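Here the structure comes first, spelled out in structure tokens, and everything after it is commentary.
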Amino acid sequence: MKILRHASAIWSGPVPTGTGSMTLGRSTTIPFSLKSRTEENAGTNPEEMLGAAHAGCFSMALTSILEDAGLSVGSIETSAKVTLEQKSDGFWITEIHLITRGSNQSCSNDEFVAFAERAKNTCPVSKLFASATITLDAALA
């Protein structure tokens, strides 16, 4: 099975003063700018979107692993801290730290931690960050 999802972005103007928007699927549009990438509480940015995708994917993977083990699942809450770092050759996402908490789980804390580690290594977004083939179709309009 292969599923294709869509997202897009548009940027207008020079980086210091320009603005952009990211569209998720067909309806959710989120504005962003240099200020939203470099200042606290100035709106969202691509790094936060990646963090949200990772947290969501991880939570679903962990739930699936718990269910596959025959366990009753309560709720899973996950946040992601994404570090954007400037290096000599440009900006890099250097770290993603997942923080997850399970409520009303039918397993011990040690079991939950082991299942979470497995989810961290197997969710599709984790796999993407580990290694990915990136293709490009570029042309002038």
Side-chain angles (χ1 to χ4, degrees), residues 1-69 71-141:
M1 174 171 64
K2 206 177 212 183
I3 301 170
L4 180 62
R5 296 291 182 223
H6 301 274
S8 63
I10 187 169
W11 184 266
S12 298
V15 171
T17 58
T19 59
S21 64
M22 297 175 280
T23 302
L24 309 176
R26 292 172 186 85
S27 61
T28 304
T29 301
I30 301 163
F32 71 107
S33 65
L34 178 63
K35 186 176 183 177
S36 71
R37 284 188 105 171
T38 60
E39 297 179 16
E40 290 293 322
N41 303 318
T44 196
N45 53 64
E47 293 74 33
E48 288 175 345
M49 300 299 292
L50 290 170
H54 202 177
C57 183
F58 170 86
S59 293
M60 288 179 72
L62 178 52
T63 298
S64 180
I65 289 168
L66 290 163
E67 289 173 338
D68 288 349
L71 299 171
S72 172
V73 179
S75 66
I76 306 284
E77 183 176 335
T78 305
S79 64
K81 294 181 179 181
V82 179
T83 302
L84 179 67
E85 184 176 349
Q86 186 171 12
K87 297 186 172 220
S88 62
D89 59 346
F91 284 92
W92 290 80
I93 293 173
T94 57
E95 185 176 341
I96 298 175
H97 180 63
L98 296 173
I99 301 151
T100 193
R101 299 294 180 262
S103 299
N104 302 316
Q105 303 300 319
S106 58
C107 61
S108 71
N109 186 69
D110 288 346
E111 290 170 318
F112 183 79
V113 170
F115 289 131
E117 186 65 33
R118 195 160 121 212
K120 178 183 71 83
N121 294 326
T122 60
C123 92
V125 176
S126 288
K127 290 177 184 178
L128 172 66
F129 290 139
S131 66
T133 299
I134 300 172
T135 60
L136 174 65
D137 179 354
L140 292 175

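The model shown is predicted, which means the values in this text are computed figures rather than measured ones. Just the heavy atoms: all of them, side chains too, but no hydrogens, waters or symmetry mates, feed the values below.
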More than 12 heavy atoms of other residues, nucleotides or ligands under 6.0 Å from [atom1] of [X]: yes or no?
X     : atom1 : result
Trp11 : CH2   : yes
Glu67 : CD    : yes
Ile10 : CD1   : no
Asp89 : CG    : yes
Met60 : CE    : no

Margin query: With heavy-atom distances below 4.5 Å as the criterion, would you say the side chains of Phe115 and Leu62 are in contact?
Written below: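 Contact flag for Phe115/Leu62 side chains = yes.
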Item checked: Check: Glu77 and Ser103 side chains under 4.5 Å, non-hydrogen atoms ->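 Ser103 vs Glu77: side chains apart.
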Quick one: does [X]'s side chain have a donor or acceptor within less than 3.5 Å of a partner on [Y]'s backbone?
X      : Y     : result
Ser59  : Gly56 : no
Thr29  : Thr23 : no
Ser106 : Ser72 : yes

Where do [X] and [Y] come nearest, in terms of heavy atoms and distance?
X      : Y      : answer
Asn45  : Glu48  : OD1-N, 2.9 Å
Phe112 : Arg101 : CZ-C, 4.1 Å
Cys107 : Leu66  : SG-CD2, 4.2 Å
Met22  : Pro46  : CE-N, 4.0 Å
Thr122 : Lys127 : O-CE, 3.1 Å
Val82  : Gly51  : CG2-CA, 3.6 Å

Measure the [atom1]-[atom2] distance between [X] and [Y] for me, rounded to the nearest 0.5 Å.
X      : Y      : atom1 : atom2 : value
Thr100 : Ile76  : OG1   : CD1   : 5.5 Å
His54  : Leu128 : NE2   : CG    : 9.0 Å
Gln105 : Glu111 : CD    : CD    : 11.0 Å
Lys120 : Ile65  : NZ    : CD1   : 11.5 Å
Glu47  : Ile93  : CD    : CD1   : 5.0 Å
Ser8   : Leu24  : OG    : CG    : 8.5 Å

